[in-house]
Participant: 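If you scroll down you'll find the structure; I have some questions about it.
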Number of protein chains: 2
Amino acid sequence: MPTIHDVAKHAGVGSITVSRVINNSGYLSKETRARVEQAIAELGYVPNTLARSLRSKRTNTLALVLTDITNPFFTTLARGVEDAASKAGYTLIFCNSDESAMKESTYVNILLQKQVDGFLLVPAQSKTTTIELIHSRAVPVVVIDRAVPGIAVDVVRCDSEEGAFGLTRLLLELGHRHIACLCGPKGVSTADDRAAGFLRALRSAGIAPGRDCILRGELSQEGGYLMAQQALRMAHKPSALLAANNFITIGAMKAAQEAGERVPEDIALVGFDDLPAAMVTFPFFTVAIQPAYEMGRKATEILLQRLKSHGAERQHEEVIFPTQIIVRRSSGDSVMGLHPIG
Amino acid sequence: MPTIHDVAKHAGVGSITVSRVINNSGYLSKETRARVEQAIAELGYVPNTLARSLRSKRTNTLALVLTDITNPFFTTLARGVEDAASKAGYTLIFCNSDESAMKESTYVNILLQKQVDGFLLVPAQSKTTTIELIHSRAVPVVVIDRAVPGIAVDVVRCDSEEGAFGLTRLLLELGHRHIACLCGPKGVSTADDRAAGFLRALRSAGIAPGRDCILRGELSQEGGYLMAQQALRMAHKPSALLAANNFITIGAMKAAQEAGERVPEDIALVGFDDLPAAMVTFPFFTVAIQPAYEMGRKATEILLQRLKSHGAERQHEEVIFPTQIIVRRSSGDSVMGLHPIG
DNA sequence: CTGTTAGCGCCTTCAT
DNA sequence: ATGAAGGCGCTAACAG
């Protein structure tokens with residue numbers, strides 16, 4: 001593994017000259033540069049970024065900590081991050097926290113040790129500890145997808161509350177009066193916001209929410225399956241389900257099918273987050289979609305801004321994208337015998 | 001940002017002692033350790049992995065270079081890699097080559113500069129250049145998913161040829177005599193192998209393959225869409241399609257729907273790679289599936305082995321997983337008026 | 001059990 | 001236009 005000194009010796013120059021060639025900095029005569037470049041080629045020299053970073057205090061590396069790259073929403077988001085990062089000359093380290101605050105903090109610690117220049121974080125829980133840890137080391141961080149109340153930090157997310165409101169409103173307009181919300185765990189801001197939007201829509205229609213109209217479970221197919229089973233077994237069975245994410249929607253669908261309930265004839269089902277077009281054979285679900293790629297891109301841009309303007313303590317930004325509701329078959333037509341509202 | 005010296009001073013010891021505490025190496029008295037640990041806590045010291053790696057020549061980082069994390073096959077594979085890597089104390093840097101050999105080599109160069117300890121590589125093309133580059137720096141690499149002829153290297157992949165043979169055989173047994181293969185680009189080993197298996201099955205049934213029964217295109221939904229359109233417009237329209245991957249399958253489905261062809265009644269459609277259960281509402285496609293997670297895990301294990309046994313030049317391994325054929329609706333029932341083969 | 005010395009490979013500072 | 005010295009934060013190799 002040749003070093004800068006080997007190259008210098010080989011070219012008959014000082015090592016700093018080689019450094020200047022690599023970095024295109026300072027003054028160099030054409031001949032010297034040519035000689036050095038040839039030496040580099042001959043030895044197959046590759047600069048050691050580690051040593052460079054040790055000196056310069058910059059690694060040109062960003063960290064993306066999210067909950068589960070297996071979910072296409074996050075996959076798409078990750079592509080947005082990677083494309084923006086790599087265009088700006090940064091590489092990306094990514095880690096899956098699996099919705100565990102402990103894994104998250106373990107990873108963040110490792111990444112801090114690796115001296116990453118900045119963090120993109122999808123927090124597992126609406127807690128400030130991880131962010132405080134990062135702040136304490138003066139490393140910039142942009143939170144994606146989920147709000148974290150009680151701390152000043154850049155956030156890029158979607159208006160989950162409004163999206164849930166819209167979806168619920170849609171169901172209400174179709175005549176549904178008894179709706180269950182299959183929600184993610186408490187403490188996950190998107191889940192909580194979606195529950196809130198759901199409740200606001202009910203109240204806006206003058207409907208008193210039942211005590212068990214909000215079910216809590218994992219943001220997974222399994223979670224959706226279990227919650228839907230529970231909903232379908234309720235004494236006063238709901239005529240519509242609102243699922244808090246794509247996997248929950250699929251799980252709920254499975255549960256409905258198993259229970260012999262047709263969607264949407266017997267029960268309507270709407271959800272959050274679409275699957276990418278490339279993965280869907282029969283577009284079926286009515287959903288509120290979030291611009292995942294765009295969110296990743298925007299968050300990375302903000303982070304890169306912070307990196308550029310180093311200490312210049314600008315105000316923290318909160319970018320909130322709107323969700324978009326796509327009506328398809330799973331929400332069904334008007335429910336007969338009920339009066340649509342407004 | 002406190003350094004090891006600050007901690008040493010604070011604790012009244014030499015810096016090497018602090019190093020020993022951090023790394024749990026060498027002998028230490030209980031009191032010294034306690035004192036150092038307290039100093040670490042008080043100063044909020046975090047070791048600098050960069051400096052450590054510069055000395056130790058190990059970064060505890062692996063690189064995963066694949067073509068497109070957006071494809072659930074690779075997403076699942078990536079989880080297999082990450083889980084295995086993180087269990088062994090390694091972190092992961094991943095990059096998308098987008099099937100471009102140039103992007104691939106750019107990334108590999110950056111990753112070499114970053115001194116990653118090893119590579120997991122899904123080569124964009126069946127060329128040896130990238131692997132030779134990595135080898136030339138004496139860094140271990142395990143190739144995943146695709147064969148690279150002409151170079152001695154560890155490979156973990158699936159038996160694409162056999163999988164395509166099986167799928168084609170299935171179609172033949174259902175009575176299809178005129179089948180088109182919607183294949184990926186030339187030079188991608190999985191695509192080529194699948195074409196080969198397809199042809200072998202035709203020949204084994206005594207069928208002379210038509211001259212345009214193999215179409216080439218991108219491994220994407222768009223590619224599948226275009227190839228299927230082409231196939232459906234052929235003078236002697238095929239009665240069945242074999243798609244080389246999951247996205248091509250979906251694209252072909254779209255094209256069939258648009259052309260008013262019902263699957264499987266008017267045309268059968270089978271493919272490679274399933275979508276994860278969590279993403280599929282109506283399991284429909286007959287497919288040959290590859291154990292993506294397992295492939296990622298296995299490849300990482302081999303890489304970690306190499307890392308452990310450092311110079312011990314063992315024989316290179318080639319692990320070939322079997323594919324598994326799952327018969328669902330898209331392959332249809334027997335075609336009437338044709339004689340199924342043995 | 002603990003400390004000293006001497007770099008790892010690179011680049012900033014200052015000199016020539 | 002080029003080079004010499006010194007140090008980033010850490011740890012191997014030796015002392016003691």
Side-chain angles (χ1 to χ4, degrees), chain A residues 1-37 39-40 43-61 109-117 137-139, chain B residues 1-37 39-40 43-61 109-110 112-117 137-139 310:
Chain A
M1 217 95 309
T3 78
I4 202 169
H5 293 107
D6 301 326
V7 177
K9 215 176 298 169
H10 197 83
V13 299
S15 50
I16 187 63
T17 305
V18 179
S19 170
R20 288 189 178 116
V21 172
I22 301 167
N23 298 295
N24 252 314
S25 65
Y27 299 97
L28 288 167
S29 75
K30 275 218 173 86
E31 304 90 62
T32 317
R33 152 161 292 150
R35 210 138 37 88
V36 169
E37 273 168 353
I40 288 176
L43 297 180
Y45 167 72
V46 174
N48 184 330
T49 309
L50 248 40
R52 181 182 298 184
S53 295
L54 185 58
R55 282 250 59 189
S56 67
K57 313 261 184 208
R58 300 182 65 250
T59 52
N60 275 291
T61 305
N109 264 308
I110 294 175
L111 294 162
L112 282 172
Q113 293 182 200
K114 281 188 182 293
Q115 315 291 118
V116 297
D117 292 338
R137 309 265 329 179
V139 177
Chain B
M1 218 95 308
T3 78
I4 202 169
H5 293 108
D6 301 327
V7 176
K9 215 177 298 171
H10 196 83
V13 300
S15 49
I16 187 65
T17 303
V18 179
S19 170
R20 288 190 178 117
V21 172
I22 301 166
N23 298 293
N24 251 314
S25 65
Y27 300 96
L28 289 167
S29 75
K30 277 218 172 85
E31 305 91 60
T32 316
R33 151 159 292 148
R35 211 136 38 86
V36 171
E37 273 167 354
I40 288 176
L43 297 180
Y45 167 72
V46 174
N48 184 331
T49 307
L50 248 38
R52 179 184 304 189
S53 296
L54 186 58
R55 274 257 62 181
S56 67
K57 312 265 185 208
R58 300 183 65 251
T59 52
N60 275 293
T61 305
N109 264 306
I110 294 175
L112 282 172
Q113 291 181 203
K114 280 188 181 293
Q115 316 291 119
V116 296
D117 293 337
R137 311 263 330 181
V139 177
H310 213 70

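None of the values given here were measured: they were computed from a predicted structure. So you know, we letter chains A, B, ... as the sequences are listed, proteins then strands, and number each from 1.
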Participant: What parts of residues 7-19 of chain B reach DNA chain C, counting only heavy atoms under 4.0 Å away?
Facilitator: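 Val13(B), Gly14(B), Ile16(B), Thr17(B), in order of number.
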Participant: Touch check for Arg52(A), heavy atoms < 4.0 angstrom, all strands: base, sugar-phosphate only, or nothing?
Facilitator: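 Sugar-phosphate contact only.
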Participant: Tell me which nucleotide among dT2(D), dG6(D), dG7(C) gets nearest to the side chain of Arg55(B).
Facilitator: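 Given the options dT2(D), dG6(D), dG7(C), the side chain of Arg55(B) is closest to dG7(C).
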Participant: Look at the side-chain N and O atoms of Asn48(A) and state whether any lies under 4.0 Å from the OP1 or OP2 oxygen of dC8(C).
Facilitator: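 Checking dC8(C) against Asn48(A), no side-chain N or O comes under 4.0 Å of OP1 or OP2.
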Participant: Atom CD of Gln113(B) to atom C1' of dG9(C): distance rounded to whole Å?
Facilitator: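 One finds 13 Å between C1' of dG9(C) and CD of Gln113(B), rounded.
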Participant: Take the C1' atoms of the five end pairs on each side of the helix from dC1(C)-dG16(D) to dT16(C)-dA1(D), derive the two axes, and give their angle rounded to 10 degrees.
Facilitator: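 It comes to 40° between the two terminal axes.
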Participant: Just to confirm, is there a sub-4.0 Å distance from OP1 or OP2 of dG9(C) to any side-chain nitrogen or oxygen of Lys57(B)?
Facilitator: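 True: Lys57(B) side-chain N/O within range (under 4.0 Å) of dG9(C) OP1/OP2.
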Participant: For the pair made of CG in Leu43(B) and P in dG9(D), what is the distance, rounded to whole Å?
Facilitator: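 Taking atom P of dG9(D) as the reference, CG of Leu43(B) is at 14 Å.
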Participant: Remember a base hit wins even if backbone is also touched, and classify Thr32(A) as base, sugar-phosphate or nothing at under 4.0 Å, heavy atoms.
Facilitator: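 Contact class for Thr32(A): sugar-phosphate only.
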Participant: Can you measure Ile22(A) atom CD1 to dT12(C) atom P for me and round it to whole angstrom units?
Facilitator: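 Rounding to the nearest Å, CD1 of Ile22(A) and P of dT12(C) are 12 Å apart.
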Participant: Determine: side-chain N/O of Ser53(A) to OP1/OP2 of dC10(C), distance under 4.0 Å, yes or no.
Facilitator: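 Checking dC10(C) against Ser53(A), no side-chain N or O comes under 4.0 Å of OP1 or OP2.
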Participant: Given atom CZ of Arg137(B) and atom P of dG9(C), what is their separation to the nearest angstrom?
Facilitator: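 Taking atom P of dG9(C) as the reference, CZ of Arg137(B) is at 11 Å.
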Participant: Does the dG3(D) base have a donor-acceptor partner in the side chain of Arg20(A) within less than 3.5 Å?
Facilitator: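 Such a pair is found, so the answer is yes.
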Participant: Pick base, sugar-phosphate or nothing for Leu54(B), based on heavy-atom distances below 4.0 Å to the nucleic acid.
Facilitator: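 Base: the residue Leu54(B), judged by heavy atoms under 4.0 Å, touches a nucleobase.
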